Amino acid sequence: MARHKTASVQPPEQIAAQLREAFACFRAMNPRLRIVVTVSPVPLEASFQRNLSILAADCLSKSTLRNAVSLVTDPDNGIYYFPSFEFVRWLCPLVGLQPYARDDGHPRHVSNNVVASICLLFAKYFSNAGVYAACLAKAGTIDSMREANVSFSSPLD
């Protein structure tokens with residue numbers, strides 16, 4: 001059946017409009033809701049875009065989603081971006097961490113130490129000091145990602 005289907009990438013503006021619609025629904029339930037958006041760092045395994053290699057399809061998909069998210073992120077209105085995609089795809093290689101396959105050899109599984117580091121950074125920027133301290137104590141020493149000079153807009157700024 002898939003051979004008879006066509007796939008297309010929605011433009012970032014259309015995805016952003018869909019996100020805004022979802023956010024409006026969430027805010028109808030809780031007007032004070034703070035929203036954190038991210039892009040998954042897990043690579044695509046397959047694509048219906050026959051004219052692109054999986055590498056190109058993955059890059060296009062992530063780039064389109066990241067662009068759409070940049071259109072809706074607005075810290076002044078409680079919509080934040082958390083860069084888990086950038087941590088895994090770009091920061092890890094720069095600081096010498098193996099982002100994938102370290103634990104089970106699967107090339108699409110984000111390594112546990114990287115997940116722990118991302119969770120710790122999320123707690124640092126999107127929770128209170130007590131939650132962050134508890135996470136830090138539980139995590140112990142987590143690799144050099146914790147010392148990386150990472151900053152972004154968060155509700156605690």
Side-chain angles (χ1 to χ4, degrees), residues 1-95 97-102 106-128 131-132 135 142 145-146 148-157:
M1 286 177 47
R3 285 180 249 243
H4 305 293
K5 301 291 182 188
T6 58
S8 63
V9 177
Q10 293 180 355
E13 296 80 11
Q14 187 175 351
I15 297 168
Q18 293 166 346
L19 288 170
R20 286 186 191 102
E21 186 178 329
F23 297 164
C25 291
F26 301 152
R27 290 259 169 85
M29 292 181 273
N30 181 352
R32 295 182 10 211
L33 183 68
R34 293 183 298 176
I35 298 169
V36 180
V37 185
T38 194
V39 173
S40 171
V42 177
L44 293 179
E45 188 169 25
S47 172
F48 288 107
Q49 295 183 326
R50 290 178 201 78
N51 61 334
L52 294 177
S53 70
I54 190 61
L55 292 175
D58 182 68
C59 183
L60 178 61
S61 171
K62 301 300 185 182
S63 298
T64 302
L65 289 173
R66 182 61 185 95
N67 189 356
V69 168
S70 73
L71 297 173
V72 299
T73 301
D74 183 359
D76 292 337
N77 289 312
I79 302 172
Y80 306 91
Y81 179 70
F82 182 73
S84 59
F85 173 81
E86 291 84 351
F87 289 155
V88 174
R89 294 284 184 102
W90 291 315
L91 184 60
C92 285
L94 289 174
V95 298
L97 294 177
Q98 182 180 347
Y100 298 100
R102 180 175 173 189
H106 194 289
R108 295 181 64 241
H109 292 173
V110 178
S111 299
N112 291 337
N113 66 321
V114 173
V115 171
S117 297
I118 290 170
C119 290
L120 183 62
L121 286 169
F122 187 90
K124 177 179 180 179
Y125 285 98
F126 293 102
S127 68
N128 62 43
V131 170
Y132 174 65
C135 290
I142 297 188
M145 187 178 282
R146 191 172 65 205
N149 185 15
V150 176
S151 65
F152 51 93
S153 181
S154 81
L156 304 179
D157 288 342

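Source: prediction; values computed, not measured. Nothing fancy with the numbering, it's 1 onward along the sequence.
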For the atom pair [atom1] ([X]) and [atom2] ([Y]), what is the distance rounded to the nearest 0.5 Å?
X: Ser53; Y: Leu60; atom1: OG; atom2: CG; value: 10.5 Å
X: Ile35; Y: Phe26; atom1: CD1; atom2: CZ; value: 7.0 Å
X: Thr73; Y: Arg66; atom1: OG1; atom2: CZ; value: 6.0 Å
X: Ile15; Y: Leu65; atom1: CD1; atom2: CG; value: 5.0 Å

Would you say that [X] contacts [Y] through its side chain, given a criterion of any heavy-atom pair below 4.5 Å between the two side chains?
X: Thr38; Y: Phe122; answer: no
X: Leu71; Y: Glu13; answer: yes
X: Tyr100; Y: Pro41; answer: yes
X: Ser40; Y: Lys62; answer: yes
X: Leu120; Y: Tyr132; answer: yes
X: Phe82; Y: Val37; answer: no
X: Phe23; Y: Leu33; answer: no
X: Val72; Y: Tyr81; answer: no

Query raised in the report: What are the two closest heavy atoms between Val114 and Pro99, and how far apart are they?
Result: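 Of all heavy-atom pairs spanning Val114 and Pro99, the closest is CG2-CA, 4.0 Å.
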Query raised in the report: Taking it one step at a time, do Ile79 and Arg27 satisfy side chain to side chain contact (heavy atoms under 4.5 Å, CB included)?
Result: CA-CA 11 Å; Ile79 302 172; Arg27 290 259 169 85; 3.9 Å; yes
Requested in this report: Report yes or no: is the cationic atom of Arg34 (NZ for Lys, CZ for Arg) under 6.0 Å from the centre of the six-membered ring of Phe126, at an angle within 45° of the ring normal?
Outcome: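 No, Arg34 does not sit over the ring of Phe126.
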Is the side chain of [X] donor-acceptor paired with the backbone N or O of [Y] at a distance under 3.5 Å, no angle test?
X: Ser61; Y: Ala57; answer: no
X: Ser111; Y: Asn113; answer: no
X: Arg108; Y: Pro43; answer: yes

**Report entry** Short N-O contact, Arg89 and Asp58, less than 4.0 angstrom
**Finding:**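 Judged by the 4.0 Å cut-off on N to carboxylate O distance, Arg89 and Asp58 do form a salt bridge.
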